[in-house]
There are 2 protein chains.
Amino acid sequence: MTSDRPRPTSSPTISEVAAAAGVGRATVARSLGGYGSVSEPTRAHVLAVAARLGYRANSLARSMTTGVTKTLGVVLADIANPFFAGVLRGLSDTAKQEGYDLLVLSTDEKLAEEQAAVGLLLDKQVDGLVIASAATAGDDLSHLLAARERNTPLVLIDRLVSGFDADSVVINNREAAREAVTTMIAAGHTRIGFVWGPVTVQPAEDLGTMRSVIAGALWSDGERLSGYLDALLEAGIEFDTSLVTHVLKTEGQAARAVSGMLALAQPPTAFFTTETDATVGTLRALRTRGLRYPDDVSLLGFDDTPWAAVMDPPLTMVAQPMQEVGARAAEIVTGRIKGDDSDVVHDVLDARLVQRHSVQHRAARVLPL
Amino acid sequence: MTSDRPRPTSSPTISEVAAAAGVGRATVARSLGGYGSVSEPTRAHVLAVAARLGYRANSLARSMTTGVTKTLGVVLADIANPFFAGVLRGLSDTAKQEGYDLLVLSTDEKLAEEQAAVGLLLDKQVDGLVIASAATAGDDLSHLLAARERNTPLVLIDRLVSGFDADSVVINNREAAREAVTTMIAAGHTRIGFVWGPVTVQPAEDLGTMRSVIAGALWSDGERLSGYLDALLEAGIEFDTSLVTHVLKTEGQAARAVSGMLALAQPPTAFFTTETDATVGTLRALRTRGLRYPDDVSLLGFDDTPWAAVMDPPLTMVAQPMQEVGARAAEIVTGRIKGDDSDVVHDVLDARLVQRHSVQHRAARVLPL
DNA sequence: CTATCGTCTGATACCGGTATCAACTTTGAT
DNA sequence: ATCAAAGTTGATACCGGTATCAGACGATAG
């Protein structure tokens, strides 16, 4: 079944073209590369022969001498996640425009995978890196430092990494979350469930421990939770740790956690979800408990997807400019490759609260009682 | 602002390690590569020196001599499309397991982009290709033939290409569509809208022209439409060309086309949608017309996403094994690279009809009248 | 008729690995 | 003590490009 299939037949090389055209290798290189000087007749002849032979340059060999691969390394948590898929799309479009290809690796949020990925990409001599890092405070950052030491431009996306200052493109997570939660508070909600809080073995005991948990969490997660706390604090609402999940980030776990909160003596009247799957899990929990939004429970969450607008009723969501994150990151990294050595840039793109109808004024239900 | 930033500082080379260790290049290569024979003391010494210097092999140089890049080229229509994102995830996971990285390019369904992409990937000496081709009957297939001529294994995914027989992994689109439409017919529907039909400047005039349009359409599109026709034919329902869209494949166009159908003298009582965005567009049209499913109109469509299950009511959908498509494609292509020269494989994965509640029995509305 | 400049061209070093080969060392047997 | 075999090592060709350099040739000027 398996046997020695001929090795990929490489297309003709410069030497072969040279031989076929009866000229030296250098002349072919000059004709093709368009540098140096070649007499018009020979150039035309060489070009014709090259075309006839179907000559295509070997990018590997070229990169070998030029030191440029025209390839960008991209490290993401999960390509199938709509957010990252959108980011990748923006990255891809802009990179292509600039003449770069993308080598894409996913890490599933595991630091070890991220380190291996960066090593691999560096070994493959990528010209630049775009990373949504899984690193949190205190983690080993040697892979990022290695990139820096090699002088390979690197842009962080979606998450900042504490202890590593680099170009970055992120969302104003904290402010967006604060605004979103404030909206719910303004609608009269005081018990607001937060899905997904940072993953911990057991729930945080109080605000103090929660703050320290945040400090050790993934940046974007911490920021969103901080925004939630900001809104609560601002409104003088006491923080209840039992309203923040600490489970693994899967749709099923979200559903279970939400279900648990709904069984509380004083259940939440609204939920703030930080990701698409958290939203779906929350909706699922509502469904299995026979509850409806926005009448029984209000809903507001991150990542506006096409579906959100056609739900019944449509969901109020925080829309992240996903493609723009990717596009900006690509711009920055290609700029650095070109030699832009201006100060470190920290782009913060605004998420937009899309008001629809999943948040209901609490009075509507409180009064009738 | 832009200036001469030092070229990426390449990490130490084998020569440098050799010099630092006071041995020859070959000895270092042997120690690192683990081939040939090296005395234990020197090997240990070399390894230590290499580690101290932080030596990392340059994959480019290695690929240069070995002719192997451990990289797969992936050509998709649109990475942000949930279907392709899922496929890519499967592809990525399996490829990683086999030790391959992915160079990903998207074409937006444009043949010219596809040709350029394949050329680029071949130039970069990828070991294998996975392509969701945009080519339809009569198109220039030279890029695919070029891959074959170079002996670079290639697997087609999601779409077959007429006139080019190669390993492929696709879904049983026709049968899945037939089954889905039959479900609706069984529920008493006879006028079923089809969103998205093949893109044409004007609607097909009759079944005959529709058949020829199908022959020139993207394979998967044609198959789904054929499955729709099969179901109609089987049930003895006359085909009405005005129930098949011929618009560009955007959510907005879908919404407009569906809206148009609903304004027909005899509007459809059900819709079959072939893609996520077609489903969303259809839902949007319903919403703007103040109609509800499944009471006013039944719905059934391709691509089960997490959202579909939490819609109210939940949508009956055709679930494609997206990740599996990617995983299988990766298996096949890496197998070919390893030398598997068995017969061409044509994998057909089954889509699964997930029964939920967006298709209602027509009698429920007909009787009360 | 020779000097000088410019154009055109081939030869060649180089990138950083892999892999072959020949030479040298060590060991053990005769 | 001599020699063969095994073990170890360095030198080197090669992959397919890029880029430099110097030589060959032609034309123009003195």
Side-chain angles (χ1 to χ4, degrees), chain A residues 7-47 49-50 53-71 120 122-127 150, chain B residues 7-47 49-50 53-71 120 122-127 150:
Chain A
R7 278 273 117 250
T9 327
S10 56
S11 35
T13 68
I14 271 201
S15 301
E16 295 177 68
V17 174
V23 300
R25 293 174 0 105
T27 303
V28 175
R30 271 187 291 260
S31 305
L32 261 27
Y35 66 97
S37 76
V38 193
S39 71
E40 198 37 46
T42 43
R43 138 181 260 103
H45 177 228
V46 167
L47 257 34
V49 171
L53 262 44
Y55 172 80
R56 304 229 68 188
N58 180 328
S59 302
L60 245 42
R62 172 173 299 157
S63 297
M64 192 73 229
T65 58
T66 61
V68 172
T69 53
K70 283 288 174 183
T71 303
L120 245 150
L122 252 21
D123 289 354
K124 289 206 171 172
Q125 314 292 119
V126 293
D127 293 338
R150 287 195 39 148
Chain B
R7 279 271 118 250
T9 326
S10 55
S11 35
T13 69
I14 270 201
S15 301
E16 295 178 68
V17 174
V23 299
R25 293 175 359 107
T27 303
V28 175
R30 271 187 291 261
S31 305
L32 261 27
Y35 66 97
S37 78
V38 194
S39 70
E40 198 37 49
T42 43
R43 138 182 260 104
H45 177 228
V46 168
L47 258 35
V49 172
L53 261 45
Y55 171 81
R56 302 230 69 188
N58 179 328
S59 303
L60 246 42
R62 172 173 299 158
S63 298
M64 193 73 229
T65 59
T66 60
V68 171
T69 54
K70 282 288 172 182
T71 303
L120 245 151
L122 253 20
D123 289 354
K124 289 205 171 173
Q125 315 292 118
V126 293
D127 293 338
R150 287 194 39 149

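Each chain gets a letter, A, B and so on, in the order the sequences are listed, and its residues count up from 1.
As rounded to whole Å, 8 Å separates atom P of C:dG16 from atom CD of B:Glu16. Distance B:Gln125 CD to D:dG16 P: 9 Å, rounded to the nearest Å. If you take CD of B:Glu40 and C1' of C:dT26, they are 17 Å apart, rounded to a whole angstrom. In this structure, CE of A:Met64 is placed 17 Å from P of D:dC14, rounded to the nearest angstrom.
Nearest heavy-atom pair, A:Arg43 versus A:Ser31, reported as atom, atom and distance to 0.1 Å: NH2-O, 3.6 Å. What you find for A:Gly54 and A:Ser11 is that their closest heavy atoms are O-CB, 4.4 Å.
Between B:Ser63 and D:dC15 there is no side-chain N or O to OP1 or OP2 distance below 4.0 Å. Contact check, B:Thr27 against D:dT9: no side-chain N or O comes under 4.0 Å of OP1 or OP2.
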Distances for protein N or O near nucleotides 22-25 of chain D N or O, under 3.5 Å:
none

Atom pairs, N/O to N/O, protein against nucleotides 17-20 of chain C, distance under 3.5 Å?
residue : atom : partner : partner atom : Å
C:dG17  : OP1  : B:Tyr55 : OH           : 3.4
C:dG17  : OP2  : B:Ile14 : N            : 2.8
C:dG17  : O5'  : B:Tyr55 : OH           : 2.9
C:dG17  : O6   : B:Arg25 : NH2          : 3.2
C:dT18  : OP1  : B:Arg62 : NE           : 2.9
C:dT18  : OP1  : B:Arg62 : NH2          : 3.3
C:dT18  : O4'  : B:Thr65 : OG1          : 3.1
C:dT18  : O4   : B:Arg25 : NH2          : 3.1
C:dA19  : N7   : B:Tyr35 : OH           : 3.1

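Minimum atom distance to the side chain of A:Ser37 is reached by C:dT7, of the listed C:dT7, C:dG10, D:dT9.
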TODO: Evaluate the side chain to side chain contact (heavy atoms under 4.5 Å, CB included) criterion for residues A:Gln125 and B:Ser59: first the C-alpha distance (whole Å), next the side-chain angles of each, then the deciding distance (0.1 Å), finally the verdict.
DONE: CA-CA 7 Å; A:Gln125 314 292 119; B:Ser59 303; 5.9 Å; no
Task: Stepwise side chain to side chain contact (heavy atoms under 4.5 Å, CB included) check, B:Leu32 with B:Tyr55 - done: CA-CA 10 Å; B:Leu32 261 27; B:Tyr55 171 81; 3.3 Å; yes
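Going from atom NE2 of B:His45 over to atom OG of B:Ser39 covers 11.0 Å, rounded to the nearest 0.5 Å. The line from CE of B:Met64 to CG of A:Asn58 is 5.0 Å long, rounded to the nearest 0.5 Å.
Judged by distance alone, with hydrogens and angles left aside, the side-chain atoms of A:Lys124 form a donor-acceptor pair with the main-chain N or O of B:Thr69 at under 3.5 Å.
Among pairs with a residue in residues 53-67 of chain B, those fulfilling salt bridge (Lys or Arg N to Asp or Glu O under 4.0 Å) read A:Asp123-B:Arg56, at least two apart in sequence or across chains.
Using a 4.0 Å heavy-atom criterion, one finds that A:Thr42 contacts the sugar-phosphate atoms exclusively.
Put simply, the side chain of B:Val46 does not reach to within 4.5 Å of the side chain of B:Val38, judged on heavy atoms.
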